[in-house]
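Letters A, B, ... mirror the listed sequences (proteins, then strands); counts begin at 1. All figures in this text were calculated on a predicted structure; none of them were measured in a lab.
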2 protein chains.
Amino acid sequence: MMAKKRVSIKDIAKKLGISITTVSFIINGKAREQRISEELIKKVQDYIDEIGYKPNHVAQSLRLGKSKVIVFMAEDISNQFFASIARLIEEKAYQNGYKIIYCSTDNDHEKAKELISTFKMRNVDGFIITPTPNLEKDIKNLLDEGFPVVLFDRWIPDVSCSHVIVQNEESAYQGTMHLIEKGCRNLCFVSVMSTQSQMIDRARGFRKAAQDSNVDYQECLLKFHNLAEIEPYEKLLEFFEQRPGIDGVFFATNYLAFEGLQAMGVLQRQVPEKLKVVSFDDHYFFNLYKPKITAIEQPLEMIAEKLMETMLEHLGELDKVYKPVKVVLANRLNERESTL
Amino acid sequence: MMAKKRVSIKDIAKKLGISITTVSFIINGKAREQRISEELIKKVQDYIDEIGYKPNHVAQSLRLGKSKVIVFMAEDISNQFFASIARLIEEKAYQNGYKIIYCSTDNDHEKAKELISTFKMRNVDGFIITPTPNLEKDIKNLLDEGFPVVLFDRWIPDVSCSHVIVQNEESAYQGTMHLIEKGCRNLCFVSVMSTQSQMIDRARGFRKAAQDSNVDYQECLLKFHNLAEIEPYEKLLEFFEQRPGIDGVFFATNYLAFEGLQAMGVLQRQVPEKLKVVSFDDHYFFNLYKPKITAIEQPLEMIAEKLMETMLEHLGELDKVYKPVKVVLANRLNERESTL
DNA sequence: TTGAAAGCGTTACCAT
DNA sequence: ATGGTAACGCTTTCAA
């Protein structure tokens with residue numbers, strides 16, 4: 001009924017009448033190296049299989065100072081983008097013997113700071129982080145202490161840290177150009193007020209395209225989403241109601257697009273006839289929506305792959321000072337009905 | 001530059017010229033109990049604050065046999081439902097000093113089995129699991145070994161294990177009745193082939209409602225979603241094309257509804273005029289879709305709350321044999337345009 | 001009121 | 001070829 005005490009390496013040694021050391025060597029594949037006799041190896045291995053012995057990772061972690069755990073600090077793990085990345089990362093982590101602990105920062109510096117300090121005392125081996133504002137110093141500290149850190153989604157200009165991001169400016173430029181090519185002459189960029197690098201880059205790409213093409217444009221910046229806040233939907237409704245001339249909208253993120261599209265519906269602004277739409281961050285539902293929404297798709301699998309590849313590389317170079325790896329991936333513009 | 005060695009309790013003791021024990025007592029709030037002098041307490045605490053000492057959780061875990069880690073085994077962490085639960089659980093776990101490791105089983109028994117065994121050797125304190133088929137024995141083992149286990153989304157009839165689920169049968173019954181009340185006389189239930197309790201219960205509720213009302217019905221069961229598989233969309237297209245008489249569809253899950261709705265669009269079956277639709281598992285996009293889709297909403301916050309409440313309760317009773325807690329929560333039918 | 005020391009399960013150095 | 005043992009950082013019993 002009650003937990004049968006787990007067998008330890010000591011029990012095995014006692015049972016087989018040999019020393020702990022020998023068992024340890026055999027378990028860790030150092031038997032040959034130590035010239036332990038084949039028959040003893042076999043005997044120990046058979047016994048281990050028989051009783052189903054599994055080494056205690058906590059003890060290993062204490063001894064080795066490594067835990068085989070990576071922490072994944074997303075802005076919000078329930079967000080589809082982060083959840084998808086989490087899933088893909090999980091796969092690769094497990095394949096390499098690593099587990100993943102997750103947490104959500106809510107883009108809150110204090111919370112992120114606290115989480116980092118919590119995980120340090122758990123001997124986590126590495127950090128994958130979507131940095132919040134003002135996290136520069138904490139990231140720098142982690143790096144100085146020798147922790148592998150890989151940032152993603154956004155990065156921090158002032159700190160030389162590995163990161164995996166996408167071509168935000170380039171793709172925003174391309175998406176905006178697409179609107180212009182389709183005939184839009186009065187553009188609007190909808191985004192959140194934010195100092196996050198990816199948002200700034202997207203805005204820059206938009207502006208550049210509009211300016212390069214000599215097209216009128218304006219920007220609608222919403223407060224960062226916060227449950228206490230008024231719905232973006234309300235704001236967008238008001239904004240567009242007062243600006244009937246707008247004929248092309250670039251949404252900086254899919255969440256805003258969904259809210260905005262609802263507003264367009266209510267305002268009877270037919271898409272794409274009266275107003276064309278492009279959104280950053282493609283989504284399953286952009287394909288279902290009527291009309292289907294043109295969107296910029298981030299290469300999720302590639303992001304996850306590069307994240308883990310970089311992390312594993314750094315993990316392999318523990319105690320050495322590793323060179324930061326900076327990956328910038330291309331996106332894809334999926335043209336659909338909203339820009340016909 | 002390189003990792004300044006982390007201070008341990010030993011360093012503190014040495015620095016202050018007292019024993020490790022004393023420091024430990026003070027850190028763990030047992031100073032009063034041990035009648036340690038106020039001034040010494042203050043001295044130690046001040047020093048700890050000054051150097052920012054944080055105890056090593058791995059060492060604590062090894063010593064105490066508890067890790068303050070809960071593992072969250074979902075079917076697929078990138079699925080919106082599981083991701084949302086993950087987020088809510090995270091919140092409560094962290095509030096109580098627990099961290100969460102996640103993993104996805106893909107509903108694969110072998111994978112789940114392996115994951116369980118992996119986590120046992122990490123001293124995880126508890127398991128929150130969406131059980132895969134054939135996992136009865138493994139759950140039972142966990143229970144026998146004294147691990148707190150809470151199942152959710154579905155449960156296992158043969159094992160007396162705590163679980164948090166929703167009223168699947170009742171809500172499916174209610175949703176089906178809703179279709180019938182709105183005039184449907186030729187119903188169809190779309191689901192996946194599955195032995196999962198929640199799917200079976202939903203089917204049962206559907207059937208019962210149809211039979212109680214003496215209404216024709218049929219069922220369309222798709223192979224369990226698998227990337228190698230043909231798209232549910234194709235199957236549904238074919239299925240409904242051959243059955244023009246169907247005037248009411250109950251989708252067992254939102255994923256199927258989205259695929260089915262696309263098929264309806266192509267087949268020109270106007271919703272709700274020609275065919276009414278209800279889906280299990282409400283979704284943000286059911287509100288955005290045109291027409292808005294009537295759906296049964298699971299109480300996510302409540303599920304998460306009950307999950308953690310139950311888990312924490314069990315964690316408090318470690319080493320005692322705890323009574324399984326069985327929670328069944330009510331859902332809400334959100335009536336929308338698809339059943340007008 | 002404080003300290004010494006055992007012990008949690010491992011690994012790895014040093015003997016033999 | 002194999003074994004003894006210190007060490008990882010902490011908690012807690014027992015002794016002083």
*Between atom CG in B/L64 and atom C1' in D/dC10, what is the gap in whole Å?*
8 Å
*Can a side chain N or O of B/Y53 be found less than 4.0 Å away from OP1 or OP2 on D/dG9?*
no
*Could you check which of D/dC10, C/dG9, D/dG3 has an atom nearest any side-chain atom of A/A59?*
C/dG9
*Specify the separation, in whole Å, of atom CG of A/L40 and atom C1' of D/dA1.*
9 Å
_Distance test, side-chain N/O of A/K10 to OP1/OP2 of C/dC8, below 4.0 Å_ = yes
_Applying a 4.0 Å non-hydrogen cut-off, can you work out what A/I20 is touching in the nucleic acid: base, sugar-phosphate, or nothing?_
base
*Rounded interatomic separation in angstrom, taking CD1 from A/I12 and P from C/dT10*: 8 Å
*Would B/D76 and B/S78 count as having a side-chain donor-acceptor pair, cut-off 3.5 Å?*
yes
*Can you sort out the partners of A/D138 under side chain to side chain contact (heavy atoms under 4.5 Å, CB included), two or more places apart, ordered by chain and number?*
A/H109, A/K113, A/I116, A/L135
*Using whole Å, report how far CD1 of B/I18 lies from P of C/dG3.*
6 Å
Show me the protein contacts with nucleotides 13-16 of chain D, counting only N or O atoms at under 3.5 Å.
none

*Take the protein atom CG of B/L62 and the nucleotide atom P of C/dA6, then report the distance between them rounded to whole Å.*
17 Å
*asked:* Please check if the number of heavy atoms outside A/E136 that lie under 6.0 Å from its CD is greater than 12.
replied: yes
*Taking atom P of D/dA1 as reference, at what distance in whole Å does atom CD of A/E33 sit?*
13 Å
*Under 3.5 Å, is there a donor-acceptor pair between the A/S104 and A/E75 side chains?*
no
*Does the side chain of A/S24 come under 3.5 Å of the side chain of A/T21 through a donor N or O and an acceptor N or O?*
no
*asked:* By nearest heavy atom, map B/S24 and A/S19 onto DNA chain D; which one lands nearer the 5' end?
replied: A/S19
*Tell me, please, which residues at least two apart from A/D153 pass salt bridge (Lys or Arg N to Asp or Glu O under 4.0 Å).*
none
*Please give, in whole Å, the distance from C/dT10 P to A/K54 NZ?*
13 Å
*For D/dT2, take OP1 and OP2 only and decide whether either is under 4.0 Å from a side-chain N or O of A/S37.*
yes
*Between C/dG3, D/dT2, C/dA12, spot the one nearest the side chain of A/I36, thanks.*
D/dT2
*Taking the six-membered ring of A/Y98 as reference, does the NZ or CZ atom of A/K68 fall below 6.0 Å from its centre and within a 45° cone about the axis?*
yes
*Could you state the CD-P distance from B/Q60 to D/dC8, rounded to the nearest angstrom?*
17 Å
